Amino acid sequence: MISDRAYLWLFPPGQAEPVVCGVVAWDGAEYVFRYGKSYLARPDAIPLSIPGRPLGELTGEPYVLDHELSGAVRDAAPDAWGRRIIQREIAKTLDPTGKAPYRLEGELGEIDYLLGAGADRIGALDATDRPDAYKPRTKPIRPLADALEAADRMERGQELDDDLDAALNHGTSIGGARPKVLFRRGKSWLVAKFSSSRDTLNMIAAEHGAMRLAAKAGLTVADTRVLGVSGKDVLLVRRFDRDTDADGHPTRRHMLSAMTLLDLDEYAVRSGEASYLELADVLRQYARDFERDGRELFRRMVFNILIGNTDDHARNHACFWDGTALDLTPGYDICPQPRLGYSADLAMTVGHQGRAATLNNALSQAERFGLSEHEAAECVDAMKRIVEAHWKELFSAAGMEAGDIEYLAKATILSPSIFD
Ligand SMILES: Nc1ncnc2c1ncn2[C@@H]1O[C@H](COP(=O)(O)OP(=O)(O)OP(=O)(O)O)[C@@H](O)[C@H]1O
Ligand SMILES: [Mg+2]
């Protein structure tokens with residue numbers, strides 16, 4: 001590891017200037033977070049997580065964040081894609097000639113990654129190496145076409161020149177596994193998601209089509225559109241964690257992933273330990289409006305079953321947290337995952353039959369989401385009819401070719417197995 005401590009800054013709700021709220025450090029055995037005294041003394045200080053979770057109480061006691069960082073701090077750190085780019089960036093500073101490429105995997109610590117992500121990271125937290133003044137780590141914005149080419153070359157293991165390298169830097173601040181960059185266009189903050197050389201079909205069209213379909217089925221989702229860049233399709237997703245105050249200054253919204261709300265680590269998320277039912281319980285306890293969010297979560301789960309989105313893991317759900325109540329964020333990263341087998345599991349527990357992606361399983365514990373049996377059945381029925389009636393037309397309008405649509409129709413979208 002290169003750095004062993006980072007100062008955490010929060011943009012308080014509605015405010016354009018951040019305050020330093022605490023420090024994360026490696027103590028030789030594990031990562032530990034402490035709220036700063038000056039933060040604890042502020043009348044407007046908010047705990048960075050819900051009660052009972054790491055950082056959930058405003059106290060001077062240390063929070064142990066294990067070996068990988070956990071909770072709200074983990075949510076502010078980059079994921080697979082951002083880590084790859086940070087490794088490249090740090091390797092370059094260690095060897096500017098690039099002639100003897102450093103292999104940094106395993107050598108960098110979590111704090112290096114936390115510091116390495118830029119100030120445009122998701123949510124309202126940022127991390128710097130100094131507590132006294134906020135010096136955001138911003139990077140010049142490069143043309144999207146450069147970032148696209150750079151991402152493509154990097155995935156193929158090809159060399160990047162300095163310009164292309166710089167263009168990718170806006171991808172370090174964001175989670176997720178797929179190639180992407182963050183950028184701003186006019187007054188909008190956007191995530192640009194690229195296709196991956198590993199895709200078997202047009203996943204940009206699939207995600208855009210699925211997000212439009214979700215909106216049509218009555219879900220609240222992030223706005224998306226497809227943009228042609230250098231002959232390739234790029235998915236633009238409007239960020240919901242950025243806003244502006246009355247004077248036009250940018251403000252941020254603090255977010256917690258379902259992984260954090262459920263107190264899980266990456267390993268537990270990947271091995272399917274997360275549960276929609278437990279997430280609904282958290283909402284019942286802390287949501288500003290459980291009737292609204294419990295129902296919305298149920299409908300997102302049902303929608304994922306209908307379209308075969310089995311990548312609905314606990315980092316693909318999140319809530320805004322303002323220190324007093326949770327509000328489910330708009331839906332994001334909703335996309336069918338092509339499959340050929342008959343049945344499938346979602347990534348989180350659905351009902352009495354565990355993760356089984358069937359509508360009966362979804363209905364089996366609807367009361368946990370605050371719905372009566374009758375309401376839940378009506379909900380499922382209405383959503384099923386909308387998906388049946390509109391999916392092909394919306395996926396086609398999103399740019400998907402007939403062959404890909406046929407492929408998804410075989411076993412992915414409205415798969416016969418979901419009616420078991
Ligand atoms: N519209 C948005 N506004 C704010 N934050 C977002 C938005 N879309 C995505 N994010 C954040 O960025 C992260 C990565 O985005 P996304 O999940 O779309 O990427 P991905 O690479 O497809 O992810 P995965 O690894 O699940 O395949 C999300 O986990 C979420 O924290
Ligand atoms: Mg994701």
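Every number for a ligand or one of its atoms is a count from 1 in the order of the listing. Atom set for the values below is all heavy atoms of this structure, side chains included, hydrogens, waters and symmetry mates excluded. Bear in mind the structure is a predicted one, so any value in this text is a computation, not a measurement. Along the sequence shown, residues are numbered consecutively beginning with 1.
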**Q** Is it the side chain, the backbone, both or neither of T329 that has a heavy atom closer than 4.0 Å to ligand 1?
**A** neither

**Q** List every atom of ligand 1 that sits less than 4.0 Å from any heavy atom of V237, numbering the atoms from 1 in the order shown and giving each element.
**A** 1 (N)

**Q** Can a donor-acceptor pair be found between the side chains of Y35 and E61 at a distance below 3.5 Å?
**A**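 No.
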
**Q** Quick one: which ligand 1 atoms are inside 4.0 Å of a heavy atom on N316?
**A** 17 (O), 26 (O)

**Q** With heavy atoms under 4.0 Å as the rule, classify the contact between D79 and ligand 1 as side chain, backbone, both or neither.
**A** neither

**Q** Indicate the ring-plane relationship of H317 and Y276, choosing parallel, tilted or perpendicular according to the 30° and 60° boundaries.
**A** perpendicular

**Q** Would you kindly say whether S257 and D75 are connected by a side-chain donor-acceptor distance under 3.5 Å?
**A**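 Note: S257 and D75 side chains meet the donor-acceptor criterion.
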
**Q** Check each atom of ligand 1 against the heavy atoms of R238 and keep those under 4.0 Å away; list them by number with element.
**A** 1 (N), 2 (C)

**Q** Output yes when the distance from some N or O of ligand 1 to some N or O of E207 is under 3.5 Å, and no in every other case.
**A**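 E207 vs ligand 1: no N/O contact under 3.5 Å.
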
**Q** Can you tell which part of K180 has a heavy atom less than 4.0 Å from ligand 1: side chain, backbone, both or neither?
**A** side chain

**Q** So if I count the atoms of ligand 1 from 1 in the order they appear, which ones are less than 4.0 Å from some heavy atom of R315?
**A** 29 (O)

**Q** Before signing off on this row, confirm whether Y332 and ligand 1 have an N or O atom pair separated by under 3.5 Å.
**A** no

**Q** Please work out which of T224, V221, D311 has its closest non-hydrogen atom nearest to atom 27 (O) of ligand 1.
**A** D311

**Q** If you define the side chain from C-beta out and look only at heavy atoms, does anything of R355 sit under 4.5 Å from T310?
**A** no

**Q** Step through the shown structure and confirm whether more than 12 heavy atoms of other residues, nucleotides or ligands are within 6.0 Å of CD on E393.
**A**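 For E393, atom CD is crowded (more than 12 foreign heavy atoms under 6.0 Å).
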
**Q** Which residues and atoms, counting only protein N, O or S, are under 2.8 Å from the Mg ion (ligand 2)?
**A** N316 OD1, D333 OD2

**Q** If the threshold is 4.0 Å, N to carboxylate O, is there a salt bridge linking E266 and R270?
**A** yes

**Q** Give yes or no for whether the N/O distance cutoff of 3.5 Å, strictly under, is met between F240 and ligand 1.
**A**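 N/O-N/O distance below 3.5 Å exists for this pair.
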
**Q** For S415 and R339, does a side-chain donor sit closer than 3.5 Å to a side-chain acceptor?
**A**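 Side chains of S415 and R339: pair found under 3.5 Å.
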
**Q** Which atoms of ligand 1 sit under 4.0 Å from any heavy atom of A222?
**A**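 Numbered from 1, ligand 1 contributes 1 (N).
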
**Q** List for me each residue that meets side chain to side chain donor-acceptor pair (under 3.5 Å) alongside E273, sequence neighbours excluded, and say none if there are none.
**A**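 Listed in chain order: S271.
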
**Q** Is there a side-chain hydrogen bond (donor to acceptor under 3.5 Å, both in side chains) between D420 and T358? Walk through the geometry before answering.
**A** CA-CA 6 Å; D420 284 353; T358 69; over 6 Å; no

**Q** Quick check: does any side chain N or O of D265 sit under 3.5 Å from a backbone N or O of Y267, one acting as donor and the other as acceptor?
**A** yes

**Q** Can a donor-acceptor pair be found between the side chains of D404 and N202 at a distance below 3.5 Å?
**A**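 No.
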
**Q** Could you tell me which atoms of ligand 1, counted from 1 in the order shown, lie closer than 4.0 angstrom to a heavy atom of D241?
**A**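 Matching atoms, with element in brackets: 4 (C).
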
**Q** Looking at H313, which atoms of ligand 1 are within less than 4.0 Å of one of its heavy atoms?
**A** 24 (P), 26 (O)

**Q** Determine yes or no for a side-chain-to-main-chain donor-acceptor pair under 3.5 angstrom, with Y63 supplying the side chain and E57 the backbone.
**A** yes

**Q** State whether E406 and K410 are salt-bridged, where the test is any N-O pair (Lys NZ or Arg NE/NH1/NH2 against Asp/Glu carboxylate O) under 4.0 Å.
**A** no

**Q** Looking at K193, which atoms of ligand 1 are within less than 4.0 Å of one of its heavy atoms?
**A**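 Those qualifying, in numeric order: 16 (P), 18 (O), 19 (O), 20 (P), 22 (O).
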
